[in-house]
Amino acid sequence: MNASSTHSRWVSIATVLVVLVSGVSAQKAKSQQQDEDFARSVKEWTTKPEFISPLVDHLPRVPGIPSPKDVLGHHIGAPGKLTYHAEAVGYYRALAAKTPRVKVFSIGKTDEGRECVVVAVGSEESIRNLDQYRAYLAQLADPRRVTEEQAREVIAKAKPIYHVMGGLHSGETGPPEMLMELAYRLAVEDSPVINQIRDNVIVTITPVAEPDGRDRYVDWYYRYKIDEKSEEESFGGPPYWGKYIFHDNNRDINYSQVTMRTLLDWYLQWHPPIMHELHESVPFMYTFSGQAPQNPTLDPILYGELPWFSNFEMTQMIKYGMPGVWTHAFVDMWSPGYLGFMASNHNGMLRMYETFGNGGANTMKRKVDTGEATGGGRVSPTSREWYRPLPPYKEVVWSMRNNTNYMQTGVLSALQLTSSFPKVILENFYLKSRNSIEAGKKEAPFGYVIPAGQRDMTRVARLVNILRLQGIEVGRAAAEIKVKEGTFPIGSLVIKRDQPYGRLAKILLEKQDFPDQNLRTYDDTGWTMGLMNHAEVKEIADKSILDIAVQPVESLDIKGTVSGGQAPAAYAIAHYGSNNMITLRYRLKDLKVEAVEQSFKDGATEFPAGSFIVSGNQGGKDTGARVRAAIEPLGLTAAGLAKRPDVPMHELDLPRLAVYSTWGNTQEVGWLRYALDKFEVPFDLIYKERVKKGDLRSSYDVIVVPNQGRGGKGLVYDIEPKSKPIAYTRTDRFKSLGMYGESDDITGGMGIAGVAEFEKFIGAGGVVVTLGSASFFPAEFGLTRTIDAGRTSAQFYGPGPIVEAEILQASHPVFYGYSQKTISVRYANGPLLQVPERDRGSQVLMRFPGGDRSVMSGLMRGANEIRNRPAIVDVPVGRGRVLMFSTNPCYRWQNFGEFNMLFNSVLNFNDIKSAPKTDQAAAGQDK
Ligand SMILES: [Zn+2]
């Protein structure tokens with residue numbers, strides 16, 4: 001305690017200044033008993049005296065209120081200690097049981113069924129009246145509900161909620177630890193700055209944003225990483241964090257994962273004006289300032305608030321003598337898909353830190369200056385820059401406690417600022433919400449129309465329901481719409497911009513116009529929902545759209561229809577590109593289902609190639625009830641036919657399907673697994689263990705190799721062997737390991753022996769489908785010996801734009817359900833494929849026209865490099881074939897318009913008749 005007396009003086013001065021500014025009467029710290037053991041331990045674990053601040057070098061002891069150590073058995077930041085999710089929740093509950101300043105809410109479940117909680121900390125008065133404070137924020141979030149004068153009254157009475165989240169990324173282990181100490185400190189400390197925070201702000205905490213991954217990582221830490229002595233001998237992390245994905249839980253733009261959706265639902269009920277995510281990567285602490293490229297649709301107030309906060313934090317921490325805090329040149333404000341953007345997207349404020357973590361809780365020497373830029377930065381993280389006046393050291397011994405000190409000092413500084421200007425924060429929140437409505441009345445586009453009667457309404461429904469999930473209001477037109485852009489039928493869906501989340505609607509639906517070709521960005525540059533869904537969305541510049549009468553749509557549910565009389569000869573189900581077609585096939589898996597190879601008409605209804613035919617009577621049983629029951633919930637269009645259509649067709653027998661995963665890159669595989677699970681497609685997830693066992697053909701007909709890693713070599717050799725085998729297996733002690741696959745040693749990859757098994761599989765009639773970067777594999781390892789795979793130049797830059805693709809073989813089963821020759825696809829940075837001239841006509845199914853004009857949304861610099869390059873090739877090999885996608889037709893939970901190219905490949909796996917070599921009937925491949 002004494003060691004920090006000079007620091008304490010600075011705190012008091014800072015507090016007095018803040019207090020003067022904010023008008024809160026000054027208080028002196030009352031004498032409060034301090035935890036001497038804490039101060040001693042923390043001093044010992046902090047590796048240099050300057051890595052701590054006077055805000056966190058002490059901890060009060062309050063009889064009857066449990067500190068983290070009272071429950072966990074150790075102080076936060078103890079070397080070698082990580083806390084499981086349930087233990088953390090247990091601590092918060094123990095704390096809440098003993099103080100009226102803390103409350104724990106259960107808000108839902110994770111993907112694996114763990115409980116999600118939010119912890120609220122504030123003054124007794126705040127916690128007692130939480131519902132009232134929540135109601136105030138709801139009023140400010142929707143300014144249509146209050147007059148300006150009422151808003152002022154609400155602001156006078158309300159308090160901002162500041163939400164802090166840790167543990168979204170499981171390898172970033174520190175924040176879930178730090179947050180427990182933060183909650184305790186905020187609840188019990190009696191000092192001017194904490195009292196001001198407690199009185200003026202309600203702090204809410206997500207203890208662990210990804211509880212499933214947290215437990216898996218802590219298991220892994222105790223099994224392997226606790227013995228790590230240096231960063232050189234790292235055993236890496238477990239093959240999985242969450243059920244399906246790793247860090248893409250921070251890219252889940254459509255909130256597909258249960259855990260992320262749970263948090264969004266909570267957000268929309270509580271409206272915290274600030275959401276603060278705690279991450280770990282760069283040294284020693286980066287605080288997000290919202291740098292360019294910035295999305296210009298978001299409120300300019302936000303772009304003032306972000307550096308306001310980050311500069312205050314940096315200044316405070318420099319004042320405390322803490323080196324290495326900086327504010328710029330890392331993450332930008334372009335993509336709206338990061339989890340914390342739920343705040344900015346809804347007129348609040350996203351905040352974010354990256355602190356320096358060791359991927360565990362071991363103290364170790366870290367080389368900070370690797371001579372390379374890190375992350376999104378362009379310069380070494382230790383250089384002195386205008387935004388980094390006191391840079392990090394080039395080399396450091398770093399500990400969990402250092403990390404805890406930095407994060408907690410930062411968050412407390414942010415809370416100090418918030419508590420000094422609580423009314424400004426509330427006013428800004430209200431104004432940003434109001435401005436969103438006003439912008440929708442003043443600036444085109446004034447709205448969006450999604451015309452009724454589109455060929456496939458199931459993708460329209462998905463799009464609308466994702467907007468609804470985000471709180472965006474959608475209406476159904478009560479009459480025909482006539483605007484300058486055209487006439488749209490009754491029932492068309494209207495998204496008006498003059499609503500609180502009108503800005504977000506525009507961000508999601510508009511074409512992304514990247515502001516500067518020379519800027520780089522952290523994630524995707526394009527996400528336009530209409531293009532991703534292959535659904536028609538009309539941007540409306542005619543202001544009269546705001547006056548169109550609509551009925552609010554809660555959620556859009558498309559009911560399928562079966563026309564025609566009873567007891568028909570056959571049912572036809574139109575393939576209009578719905579992703580539900582594959583679900584239908586699997587729901588009817590015990591029935592014979594065929595696909596027509598040419599379109600036909602039944603009355604006015606067109607049934608395009610790929611449409612399903614189910615005989616009305618199979619095995620003496622009427623199939624009508626089964627078909628009808630399946631069609632309706634899936635939103636498909638069917639008809640009972642008096643006779644089977646007179647066109648060629650083939651049977652859609654179901655393949656024995658495998659999905660191949662490396663152990664080192666399971667995330668993109670996870671997105672595909674998620675899609676297959678959602679669309680009810682059964683498959684085996686296989687790893688090198690199964691491949692090396694051999695005889696793949698006896699088990700499988702189709703192996704999909706999802707986008708993973710950077711090329712063929714990575715896919716084949718995968719994780720570098722370590723000093724000992726690294727098992728991923730479930731044990732009594734480590735129950736969350738060994739999920740989604742098991743291995744006695746995840747290192748080494750399938751190797752050449754595995755490649756040989758793939759070769760045998762294809763030679764024996766198997767079908768391999770490679771997606772995105774996985775398409776380097778068959779080219780580089782000679783499975784498709786005539787196909788080459790190249791890379792774009794160093795000047796090329798295509799971070800996830802949406803580009804045109806031209807279908808060259810419209811009758812190929814891959815394109816069943818697609819009616820346009822040119823479609824929109826997300827550019828996946830897959831290989832630049834090259835097919836010998838003699839085979840191009842038969843093997844190239846789709847290509848990129850390339851050039852700047854083919855970029856439909858987002859940024860592609862050097863778009864000429866992809867000119868006329870194949871996007872999908874179909875290569876017959878031996879008795880089998882390899883379908884190589886340079887695109888990724890199953891990207892995150894996002895490019896729904898492309899999913900069918902993969903689904904069609906699966907359903908028609910043994911019915912592909914490409915010239916010149918295939919003769920499936922003779923080869924008897926149909927099984
Ligand atoms: Zn992170």
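In listed order, ligands and their atoms are each counted from 1. Computation of the quantities below employed the complete heavy-atom set of this structure, encompassing side-chain atoms and omitting hydrogens, waters and symmetry-equivalent molecules.
- Residues passing the salt bridge (Lys or Arg N to Asp or Glu O under 4.0 Å) test with R388: none are found, sequence neighbours excluded.
- D212 pairs by the salt bridge (Lys or Arg N to Asp or Glu O under 4.0 Å) definition with R114, not counting sequence neighbours.
- Listed by chain and residue number, the protein N/O/S atoms under 2.8 Å of the Zn ion (ligand 1) are H169 ND1, E172 OE1, E172 OE2, H279 ND1, with waters left out.
- With rounding to the nearest 0.5 angstrom, the CH2 atom of W527 is 5.0 Å from the OG atom of S335.
- The cationic group of R826 lies under 6.0 Å from the six-membered ring centre of Y891 and within 45° of the ring axis, placing it in a cation-pi geometry.
- Judged as a salt bridge (Lys or Arg N to Asp or Glu O under 4.0 Å), and not counting sequence neighbours, R261 has no contacts.
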Open item on the list: Does V368 form a side-chain contact (heavy atoms from CB on, under 4.5 Å) with W398? I'd like the steps, not just the answer.
Closed with: CA-CA 10 Å; V368 178; W398 195 253; over 6 Å; no
